[in-house]
Amino acid sequence: MASLLEMKEIFRSADAVCFDVDSTVIREEGIDELAKFCGVGDAVAEMTRRAMGGSVTFKAALTARLGLIRPSYEQVQKLISDNPPQLTPGIRELVSRLHQRGVQVFLVSGGFQSIVEHVALQLNIPTANVFANRLKFYFNGEYAGFDETQPTSESGGKGKVITHLKEQFHFKKVVMIGDGATDMEACPPADCFIGFGGNVIRKQVKEKAKWYITHFDELLKELEER
């Protein structure tokens, strides 16, 4: 296992940095916001709490929650326009600095493509660098499920995305940054995991992550020191 000093060196020399989105790049959890918007916030929040306990698989939890929300295409678009996701302080500057250094930045999320692409746009991240779950709709705009072939729709999916990126782009060092257990599980294949607690602190991640930060300024400072 790498020491904290070694992890900092990996971060400073990384070819690619992958960010989780909900409660990391943005302040809220997309699925909870969508549930509130569709009038089933409390019921879905309770399901989320149970899912966090690890007694259900990610895909089973996602299926159950979406089955309760059943968001239409129109509702998803209205959520984005009326309540756009709020960027976490410091993320814009950090992504910009990584781009200046020639580092590829990816958003790897268990959230929804349409919301995550909106976030990517604000951070000048190409939509090709977004890996998230895709909602499906019927021709009349009603909810028709989600694309179960996306790696991010199941447990261990973020690690699969990183393996794919390493194979496709021959990255030597990939860093994963996120607030949750699914982010921590992606290392390996990620070469370094940085736990983020700036929006919500997950006890398990805080206790187990060797490098844990609560503000993106801490990572900006690491980059300035080189």
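Here the OG-NZ distance, from Ser3 to Lys210, works out to 6.5 Å after rounding to the nearest 0.5 Å. Separating the NE2 atom in His170 from the CG atom in Asp15 is a distance of 11.5 Å, to the nearest 0.5 Å. Interatomic distance, Phe193 CZ to Ile177 CD1, rounded to the nearest 0.5 Å: 9.0 Å. Separation of atoms CD1 (Ile115) and CG (Leu107) is listed at 13.0 Å; rounding is to 0.5 Å. The distance from the CG atom of Leu219 to the CD1 atom of Ile213 is 3.5 Å, given to the nearest 0.5 Å. Here NZ of Lys172 is found 11.0 Å from CG of Asp191. Values are rounded to the nearest 0.5 Å.
Sparse packing is recorded around OH of Tyr138, with 12 or fewer heavy atoms of other residues, nucleotides or ligands lying under 6.0 Å away.
Phe131 and Leu121 fall into different hydrophobic clusters, where Ile, Leu, Val, Met, Phe, Trp and Tyr residues are linked whenever their side-chain heavy atoms come under 4.5 Å apart, directly or through other members.
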Glu185/Lys158 under side chain to side chain contact (heavy atoms under 4.5 Å, CB included): CA gap, chis, key distance, verdict: CA-CA 8 Å; Glu185 286 162 7; Lys158 292 182 180 184; over 6 Å; no
Side chain to side chain contact (heavy atoms under 4.5 Å, CB included) between Asp32 and Val44, intermediate numbers included: CA-CA 7 Å; Asp32 291 345; Val44 168; 4.0 Å; yes
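A donor-acceptor pair under 3.5 Å is absent between the side-chain atoms of Asp179 and the main chain of Phe196, judged by distance alone. Checked by atom type and distance alone, the side chain of Glu222 never pairs as donor or acceptor with a backbone atom of Arg12 at under 3.5 Å. For Thr214 (side chain) and Gly197 (main-chain N/O), no donor-acceptor pair under 3.5 Å exists by modelled atom type. Side chain of Thr163 to backbone of Gly159: a donor-acceptor contact under 3.5 angstrom is found. Judged by distance alone, the side chain of Ser23 and the main-chain N or O of Asn199 form no donor-acceptor pair under 3.5 Å. Checked by atom type and distance alone, the side chain of Gln104 never pairs as donor or acceptor with a backbone atom of Gly102 at under 3.5 Å. A donor-acceptor distance shorter than 3.5 angstrom exists from the side chain of Arg92 to the backbone of Gln122, with no hydrogens or angles considered.
With contacts defined as side-chain heavy-atom distances shorter than 4.5 Å, the pair His99/Val95 qualifies. Residues Cys18 and Ile162 form a side-chain contact, since some pair of their non-hydrogen atoms from C-beta on lies under 4.5 Å apart. With contacts defined as side-chain heavy-atom distances shorter than 4.5 Å, the pair Met176/Asp20 qualifies. Considering only heavy atoms from C-beta on, Val175 comes within 4.5 Å of Ile10 through its side chain. Within the 4.5 Å cutoff, the side chain of Val174 has no heavy atoms near those of the Phe106 side chain. With contacts defined as side-chain heavy-atom distances shorter than 4.5 Å, the pair Ile31/Leu62 qualifies. Annotation: side chain of Leu87 is in contact with side chain of Ile26 (closest heavy-atom distance under 4.5 Å).
In this structure, Phe19 and Phe216 have perpendicular ring planes: the angle between them is above 60°, well past the 30° mark.
Identified under the salt bridge (charged side-chain N to carboxylate O under 4.0 Å, His left out) test for residues 69-87, with sequence neighbours left out: Lys78-Asp82.
Pairing each heavy atom of Ala14 with each of Val17, the nearest pair is CB-CG2, 4.4 Å. Val116 and Ser109 get closest at one heavy-atom pair: CG2-OG, 3.8 Å. Of all heavy-atom pairs spanning Ser13 and Lys173, the tightest one is OG-NZ, 3.0 Å. Tyr143 and Leu66 make their closest contact through OH-CB, 3.1 Å (heavy atoms, listed as atom of the first residue, atom of the second, distance). For the pair Pro84 and His118, the tightest heavy-atom approach, listed with the atom from each and the gap, is CB-NE2, 3.9 Å. Closest heavy-atom contact between Lys166 and Pro189: NZ-O, 2.9 Å.
By the ring-ring contact (aromatic ring centres under 6.0 Å, His included) test, Phe146 is found to be paired with no residue, residues two or more places apart in sequence or in another chain being considered. By the side-chain contact (heavy atoms from CB on, under 4.5 Å) test, Val76 pairs with Leu34, Pro71, Ile80, Ser114, Leu135, Phe137, sequence neighbours left out.
With respect to the salt-bridge test (charged N to carboxylate O, under 4.0 angstrom), the residues Asp147 and Lys136 do not qualify. Salt bridge present: Glu33 and Lys36 bring a charged side-chain N and a carboxylate O closer than 4.0 Å.
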